[in-house]
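Heads up: the structure comes next, in structure tokens.
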Amino acid sequence: QLHSYGLLPGSFIPDDPTRELRTYIRHRQQLIEQKAQQLLRMGKALQLMNVKFQNVISDLGGKLGMKVIRAMVAGEHSATELAKFHTKRLKVSKDDFILSLQ
């Protein structure tokens with residue numbers, strides 16, 4: 001009744017391009033949240049397998065972390081073979097890196 005007298009403003013209905021953009025933004029946000037959840041699950045699985053990999057690298061989803069995980073999934077389980085991914089940018093020594101992978 002208040003709306004029929006002009007006392008309430010109409011609700012905002014965005015145009016089609018704005019709606020489409022909002023949909024993409026919401027979908028992107030959901031994908032980012034799902035990625036974070038999956039990275040946490042991967043870290044937990046590595047801890048359950050007694051691989052203390054997260055102690056030596058800062059980002060499990062980064063370039064180095066994903067290289068090592070892909071090598072593990074491909075069947076490489078030797079810590080010395082996985083140590084070939086060690087770079088100078090890591091703060092830990094190569095020996096500590098090998099120990100974390102054993």
Side-chain angles (χ1 to χ4, degrees):
Q1 187 178 8
L2 291 174
H3 185 63
S4 64
Y5 294 131
L7 297 174
L8 293 176
S11 61
F12 173 70
I13 300 174
D15 56 348
D16 287 338
T18 306
R19 275 193 243 175
E20 185 177 357
L21 180 63
R22 284 181 174 183
T23 303
Y24 286 135
I25 290 172
R26 287 183 184 127
H27 183 63
R28 181 178 182 270
Q29 183 63 34
Q30 289 174 352
L31 291 175
I32 291 171
E33 290 171 3
Q34 290 173 3
K35 178 185 174 186
Q37 290 173 353
Q38 294 302 322
L39 286 174
L40 289 173
R41 287 186 182 128
M42 285 174 25
K44 181 71 173 179
L46 287 171
Q47 283 182 355
L48 290 174
M49 292 185 290
N50 205 23
V51 176
K52 303 299 180 186
F53 187 54
Q54 289 179 311
N55 295 344
V56 295
I57 67 163
S58 59
D59 186 15
L60 186 62
K63 195 173 187 179
L64 173 67
M66 292 309 291
K67 279 184 183 179
V68 174
I69 289 174
R70 284 186 182 112
M72 286 178 180
V73 170
E76 184 59 55
H77 300 294
S78 171
T80 54
E81 286 295 318
L82 292 172
K84 68 182 177 186
F85 297 114
H86 183 273
T87 61
K88 294 179 183 177
R89 293 178 59 194
L90 282 177
K91 294 180 182 178
V92 297
S93 67
K94 194 167 188 172
D95 295 331
D96 291 338
F97 188 70
I98 291 173
L99 286 174
S100 71
L101 292 171
Q102 289 179 343

Tell me the closest heavy-atom pair linking [X] and [Y], and the distance in Å.
X	Y	answer
Pro14	Arg22	CG-NH1, 3.7 Å
Leu82	Val68	CD2-O, 4.2 Å
Phe85	Ala71	CE1-CB, 3.7 Å
Gln47	Lys52	O-NZ, 4.3 Å
Val56	Asp96	CG1-O, 4.2 Å
Met42	Ile69	CE-CD1, 3.3 Å

[X] vs [Y] side-chain heavy atoms within contact, under 4.5 Å:
X	Y	value
Arg70	Val73	no
Thr23	Glu20	no
His27	Gln30	yes
Met72	Leu101	yes

Kindly compute the distance separating [atom1] ([X]) from [atom2] ([Y]), expressed to the nearest 0.5 Å.
X	Y	atom1	atom2	answer
Gln38	Leu31	CD	CG	11.5 Å
Leu60	Leu39	CG	CG	6.0 Å
Gln54	Leu40	CD	CG	8.0 Å
Ser100	Asn50	OG	CG	11.0 Å
Arg19	Asp16	CZ	CG	5.0 Å
Arg41	Leu46	CZ	CG	14.5 Å

Exercise for the section: Tell me whether Val51 is reachable from Leu48 by hopping between hydrophobic residues (I, L, V, M, F, W, Y) whose side-chain heavy atoms are closer than 4.5 Å. Expected result: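 Cluster IDs for Leu48 and Val51 differ.
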
Exercise for the section: Check whether Met49 and Met66 end up in the same hydrophobic cluster, where Ile, Leu, Val, Met, Phe, Trp and Tyr are linked by side-chain heavy atoms less than 4.5 Å apart. Expected result: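 As far as the 4.5 Å side-chain criterion goes, Met66 and Met49 are connected within one cluster.
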
Exercise for the section: Count the heavy atoms belonging to other residues, nucleotides or ligands that lie under 6.0 Å from NZ of Lys44, then report whether that count exceeds 12. Expected result: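 No, the 6.0 Å shell around NZ holds no more than 12 heavy atoms from other groups.
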
Practice task
Answer yes or no: does atom CD1 of Ile32 have more than 12 heavy-atom neighbours from other residues, nucleotides or ligands under 6.0 Å?
Solution key: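 Atom CD1 in Ile32 is packed in, count exceeds 12.
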
Practice task
Could you tell me whether a side-chain N or O of His86 sits under 3.5 Å from a main-chain N or O of Val92, the two making a donor and an acceptor?
Solution key: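 Side chain of His86 to backbone of Val92, a donor-acceptor pair under 3.5 Å: yes, one is there.
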
